[in-house]
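To start, the structure under review is shown below, and the notes come after it.
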Amino acid sequence: MQIPKIGDVKRFSFGEMTSNDNGKTSGTSVAGLYIIFIGGACFLLGCIDKLWISKSIDVITQAITFTLIGATLLGVKNVMNGKKPAATETVEPAVKDQAINS
């Protein structure tokens, strides 16, 4: 009995990254991606502000904190899926008897 292939690990997919194990879109993963994108943009703008405008590091510090919050939200999905019990493989009785007798 061959276990079906769930996903192609050689190909990146945002759909798989933002989905739960049941195939539905995870709200925490999507929110995490949005927050990481916004935090990255704020970090870039804070660096521009630090270099040429107000010379303050406050925007950069807050952008790093904001991005860490987004990364935490994105990581929550992986931690929660890891706590679920592992799937057990069921073997039909006839196949089990053949495996024992051979």
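These values consider heavy atoms only, across backbone and side chains, with no hydrogens, waters or symmetry-generated copies. All values reported here derive from a predicted model rather than from experimental measurement.
- Across Ala31 and Leu73, no two heavy atoms sit closer than the pair CB-CD1, 4.3 Å.
- The two residues Ala63 and Gly39 come nearest to each other via the heavy atoms CB-O, 3.7 Å.
- No single ILVMFWY cluster, assembled from side-chain heavy atoms under 4.5 Å apart, contains both Ile38 and Val59.
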Could you check Phe37 against Leu33 for side chain to side chain contact (heavy atoms under 4.5 Å, CB included), going step by step and ending with a plain yes or no? CA-CA 6 Å; Phe37 177 74; Leu33 280 177; over 6 Å; no
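- Residues passing the side chain to side chain donor-acceptor pair (under 3.5 Å) test with Thr67, sequence neighbours excluded: none.
- Both Ile60 and Leu68 sit in one connected hydrophobic cluster of ILVMFWY residues. Membership requires side-chain heavy atoms under 4.5 Å apart, directly or through other members.
- More than 12 heavy atoms of other residues, nucleotides or ligands shown are found within 6.0 angstrom of NZ on Lys55.
- The side chain to side chain contact (heavy atoms under 4.5 Å, CB included) check on Thr25 picks up Val30, with sequence neighbours excluded.
- Following chains of ILVMFWY side-chain contacts shorter than 4.5 Å, one cannot reach Tyr34 starting from Ile69, and the two form parts of different hydrophobic clusters.
- Residues passing the side chain to side chain donor-acceptor pair (under 3.5 Å) test with Thr61: none are found, sequence neighbours excluded.
- Going from atom CG of Asp49 over to atom CG of Leu44 covers 11.5 Å, rounded to the nearest 0.5 Å.
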